[in-house]
A.B. asks: 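Have a look at the structure that comes next, please.
As the structure is a computational prediction, the values presented were derived from the model and not from experiment.
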Amino acid sequence: MLSKSLHITAVAALVILAAQPAPVDAGVRYYAASLGQSQWQVTASNPLQCRLEHHIPHYGVAVFSARASRKENLQFAMALKDGPSQRTVATLASVPPVWQPGLKAEPLGQVSLYPRYPAEVTDDRAWDMLSELDAGRFPTLTYPDRLGRNKVSVALSSGNFKKGYQDFVSCLGGLLPVSFEDISFSVLNYKKNSSSLTEESLARLDLIGQYLANDNHFSSIDIAAYSDSYGGRWANEELSKKRAKAIKEYLVGKGLPADRISTEGYGEKRHIASNNTEEGRALNRRVVLQIKR
């Protein structure tokens, strides 16, 4: 029984050792989660934000995140422990685990560091870090300490990474392709002599509704509707009021509070293009949404 117990202990030790990155240079203060400590957790997962966190014992939290936007904006950020007192440059490398002694650390570039600011890596290089973690390697940031005499090296552990990574990628696929800045001022256009939006504007309104349904941190929505000059003035004013009301009803149907949404119909007032052409009249048939925080 004793020999069996010793065998199990030895195997466990090898497993733990295999999950560690290759050792760094002597004299460097090193931080990393062990196999038993390493956890990756998605702490935000919705159409507006995705966030993947990794706790590094005695150091802090490393975070990969992205927000709803027209542009890809993946970001890695980590507050620095004993960070530099002046602007400097850190090295970022992908370090293999010790059970792959024939492999060398691969450089992932340099990272500019600033006093009292977290280390940040964005877009393609942040994806590179995730890819290296998925391959079982350890992205490692090394930088001079506050006094500039020694170095600090902090590694992201690939232990227990797969599940958190899969959940994070799934969240990224569901992010809306607009930010608040993208929707805060929107112009929607209508079909001729109709309260029906054009197909493009209908898709835009749907995005606005989805965004605000997930983010109610706004103070007001002002809806102003306008018409072209075809038809009588009174009829056009009533048509514009009807259009504004329809937009409000749609947003209230998405769960937004009616008391924060105001509407106004201006009819033929405030044209932005000539009414002598079909193109100009199409531009004048519009509803303007202004969303304020």
A.B. asks: Would you say the side chains of Tyr211 and Asp182 form a donor-acceptor pair under 3.5 Å?
C.D. replies: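 Checked: Tyr211/Asp182 side chains show no N/O donor-acceptor pair below 3.5 Å.
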
A.B. asks: Are any non-hydrogen side-chain atoms of Leu197 and Asn189 less than 4.5 angstrom apart?
C.D. replies: no

A.B. asks: Side chains of Arg70 and Pro177: does their closest heavy-atom pair fall under 4.5 Å?
C.D. replies: no

A.B. asks: For a quick test of reading the model, state the closest non-hydrogen atom pair linking Ala224 to Tyr266 and the distance between them.
C.D. replies: CB-CE1, 3.8 Å

A.B. asks: Do you reckon Leu207 sits in the same ILVMFWY cluster as Leu251, going by side-chain contacts under 4.5 Å, direct or chained?
C.D. replies: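 Hydrophobic grouping puts Leu207 with Leu251.
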
A.B. asks: Mind checking whether Trp40 and Phe161 have parallel, tilted or perpendicular rings, split at 30° and 60°?
C.D. replies: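 Taking Phe161 first and then Trp40, their aromatic rings stand perpendicular (interplane angle over 60°).
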
A.B. asks: Could you tell me the separation between the OG atom of Ser240 and the OH atom of Tyr190, rounded to the nearest 0.5 Å?
C.D. replies: 9.5 Å

A.B. asks: Which hydrophobic side chains are connected to Val63, either touching it within the sub-4.5 Å cutoff or through other members that do?
C.D. replies: Val61

A.B. asks: Might you work through the side-chain hydrogen bond (donor to acceptor under 3.5 Å, both in side chains) test for Ser179 and Ser69, ending with a clear yes or no?
C.D. replies: CA-CA 4 Å; Ser179 65; Ser69 177; 4.9 Å; no

A.B. asks: How many angstroms lie between atom CG of Leu172 and atom CD of Gln49, to the nearest 0.5 angstrom?
C.D. replies: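 The CG atom of Leu172 sits 11.0 Å away from the CD atom of Gln49.
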
A.B. asks: Do Ile56 and Tyr30 share a hydrophobic cluster (ILVMFWY, side-chain heavy atoms under 4.5 Å, transitive)?
C.D. replies: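 No, it is not one cluster - the side chains of Ile56 and Tyr30 are not joined through contacts under 4.5 Å.
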
A.B. asks: Test Phe185 against Val288 for side-chain contact (heavy atoms from CB on, under 4.5 Å), laying out the working first.
C.D. replies: CA-CA 7 Å; Phe185 184 88; Val288 178; 3.6 Å; yes

A.B. asks: Just by distance, no angles: are the side chains of Asn214 and Gln210 close enough, under 3.5 Å, to form a donor-acceptor pair?
C.D. replies: no

A.B. asks: Does the side chain of Ile223 come within less than 4.5 Å of Ser262's, by heavy atoms?
C.D. replies: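 They are not in contact (no side-chain heavy atoms under 4.5 Å apart), so the answer is no.
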
A.B. asks: Among pairs that include at least one residue of residues 163-172, which meet salt bridge (charged side-chain N to carboxylate O under 4.0 Å, His left out), considering only residues two or more places apart or in two chains?
C.D. replies: Lys163-Asp167

A.B. asks: side-chain contact (heavy atoms from CB on, under 4.5 Å) between Asn46 and Leu175: does it pass, once the steps are laid out?
C.D. replies: CA-CA 7 Å; Asn46 57 66; Leu175 286 175; 5.7 Å; no

A.B. asks: Count I, L, V, M, F, W, Y as connected when their side-chain heavy atoms are under 4.5 Å apart, and connections chain through other members. Are Leu141 and Val89 then in the same cluster?
C.D. replies: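 Unlinked, Leu141 and Val89 end up in two clusters.
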
A.B. asks: So, do Val187 and Val287 sit near enough that their side-chain heavy atoms are less than 4.5 Å apart?
C.D. replies: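 The answer is no, as the side chains (C-beta and beyond) never meet within the 4.5 Å cut-off.
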
A.B. asks: Nearest 0.5 Å please: distance from the OG1 atom of Thr198 over to the CZ atom of Arg286.
C.D. replies: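 Thr198 OG1 to Arg286 CZ: 14.0 Å, rounded to 0.5 Å.
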
A.B. asks: Taking Glu181's backbone N and O only, do any of them form a donor-acceptor pair with Ser184's side chain (distance below 3.5 Å, no angle check)?
C.D. replies: yes

A.B. asks: List the steps and the verdict of side-chain contact (heavy atoms from CB on, under 4.5 Å) for Leu48 and Leu176.
C.D. replies: CA-CA 6 Å; Leu48 304 186; Leu176 292 174; 4.0 Å; yes

A.B. asks: Determine whether more than 12 heavy atoms belonging to other residues, nucleotides or ligands lie under 6.0 Å from atom NZ of Lys248.
C.D. replies: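 More than 12 within 6.0 Å, yes.
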
A.B. asks: So, does His54 use its side chain to make a donor-acceptor pair with the main chain of Ser38 at under 3.5 Å?
C.D. replies: no

A.B. asks: How close do Ser153 and Thr140 get, counting heavy atoms only, and between which atoms?
C.D. replies: OG-CG2, 3.2 Å

A.B. asks: For the hydrophobic clusters of this structure (ILVMFWY residues joined by side-chain heavy atoms under 4.5 Å, transitively), does one cluster hold both Leu74 and Leu92?
C.D. replies: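 Yes; Leu92 is reachable from Leu74 via cluster members.
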
A.B. asks: Keeping to residues at least two apart or across chains, list the salt bridge (charged side-chain N to carboxylate O under 4.0 Å, His left out) pairs with something in residues 42-68.
C.D. replies: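 Listed once each, the pairs are Arg51-Glu53.
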
A.B. asks: With Ser112, which residues qualify under side-chain hydrogen bond (donor to acceptor under 3.5 Å, both in side chains), at least two apart?
C.D. replies: Arg87

A.B. asks: What residue pairs, at least two apart or across chains, pass salt bridge (charged side-chain N to carboxylate O under 4.0 Å, His left out) with a residue in residues 101-120?
C.D. replies: none

A.B. asks: Taking only residues two or more places apart in sequence or in another chain, which ones pass side chain to side chain contact (heavy atoms under 4.5 Å, CB included) with Gln37?
C.D. replies: Ala33, Ser34, Pro57

A.B. asks: Are any non-hydrogen side-chain atoms of Pro97 and Phe138 less than 4.5 angstrom apart?
C.D. replies: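 When only atoms from C-beta onward are counted, Phe138 and Pro97 do touch, with a gap below 4.5 Å.
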
A.B. asks: Side chain to side chain contact (heavy atoms under 4.5 Å, CB included) with Leu103: which residues, sequence neighbours excluded?
C.D. replies: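 Here the qualifying residues are Pro96, Gln100, Arg137.
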
A.B. asks: Taking C-beta and beyond as the side chain, do Met129 and Trp127 meet within less than 4.5 Å on heavy atoms?
C.D. replies: no

A.B. asks: Can you tell me which residue pairs pass the salt bridge (charged side-chain N to carboxylate O under 4.0 Å, His left out) test with a partner in residues 207-223, sequence neighbours excluded?
C.D. replies: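 Qualifying pairs: Asp215-Arg293, Asp222-Lys292.
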
A.B. asks: Do you reckon Leu52 sits in the same ILVMFWY cluster as Leu133, going by side-chain contacts under 4.5 Å, direct or chained?
C.D. replies: yes

A.B. asks: Are the side chains of Val28 and Val152 in contact, using a 4.5 Å heavy-atom criterion?
C.D. replies: no

A.B. asks: Using the side-chain hydrogen bond (donor to acceptor under 3.5 Å, both in side chains) criterion, which residues pair with Ser186? Sequence neighbours excluded.
C.D. replies: Arg204

A.B. asks: Kindly write out the residues that satisfy side-chain hydrogen bond (donor to acceptor under 3.5 Å, both in side chains) with Lys162, not counting sequence neighbours, or none if the list is empty.
C.D. replies: Asp134

A.B. asks: Heavy-atom count around Asp124 CG within 6.0 Å, excluding the residue itself: above 12?
C.D. replies: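 Atom CG in Asp124 is not crowded, with 12 or fewer foreign heavy atoms closer than 6.0 Å.
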
A.B. asks: Between Ser85 and Arg146, is there a donor-acceptor pair closer than 3.5 Å when you use the side chain of the first and the backbone of the second?
C.D. replies: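 Pair found, side chain donor or acceptor close to backbone of Arg146.
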
A.B. asks: Ignoring hydrogens, what is the shortest heavy-atom contact between Ala244 and Glu264? Give both atom names and the distance.
C.D. replies: CB-O, 3.9 Å

A.B. asks: Go through the steps to decide whether Lys242 and Glu238 satisfy the test salt bridge (charged side-chain N to carboxylate O under 4.0 Å, His left out), and finish with yes or no.
C.D. replies: CA-CA 6 Å; Lys242 182 179 179 181; Glu238 290 302 306; over 6 Å; no

A.B. asks: Begin with the C-alpha distance, continue with both residues' side-chain angles, and end with the deciding distance and a verdict on side-chain contact (heavy atoms from CB on, under 4.5 Å) for Thr122 and Asn73.
C.D. replies: CA-CA 7 Å; Thr122 59; Asn73 59 102; over 6 Å; no

A.B. asks: Just so I know, are the side chains of Leu212 and Phe218 near enough to count as touching, which here means a heavy-atom distance under 4.5 Å?
C.D. replies: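 Yes, close enough: below the 4.5 Å cut-off.
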
A.B. asks: Distance check, rounded to the nearest 0.5 Å: Tyr226 atom OH versus Glu237 atom CD?
C.D. replies: 12.0 Å

A.B. asks: Nearest 0.5 Å, what's the CG-OG distance between Leu130 and Ser158?
C.D. replies: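 Atom-to-atom, Leu130:CG and Ser158:OG are 12.5 Å apart.
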
A.B. asks: Sequence neighbours excluded and cut-off under 3.5 Å, please list the side-chain donor-acceptor pairs for residues 76-84, or say none.
C.D. replies:
residue, atom, partner, partner atom, Å
Lys81, NZ, His58, O, 2.6
Asp82, OD2, Arg29, NH1, 3.1
Asp82, OD2, Arg29, NH2, 2.7

A.B. asks: Please report the interatomic distance CG(Leu156) to CZ(Phe64), rounded to the nearest 0.5 Å.
C.D. replies: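 Taking CG in Leu156 and CZ in Phe64, the distance rounds to 5.5 Å.
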
A.B. asks: Any chance you could pull the hydrophobic cluster mates of Tyr117, using side-chain heavy atoms under 4.5 angstrom and chaining through other members?
C.D. replies: Tyr114

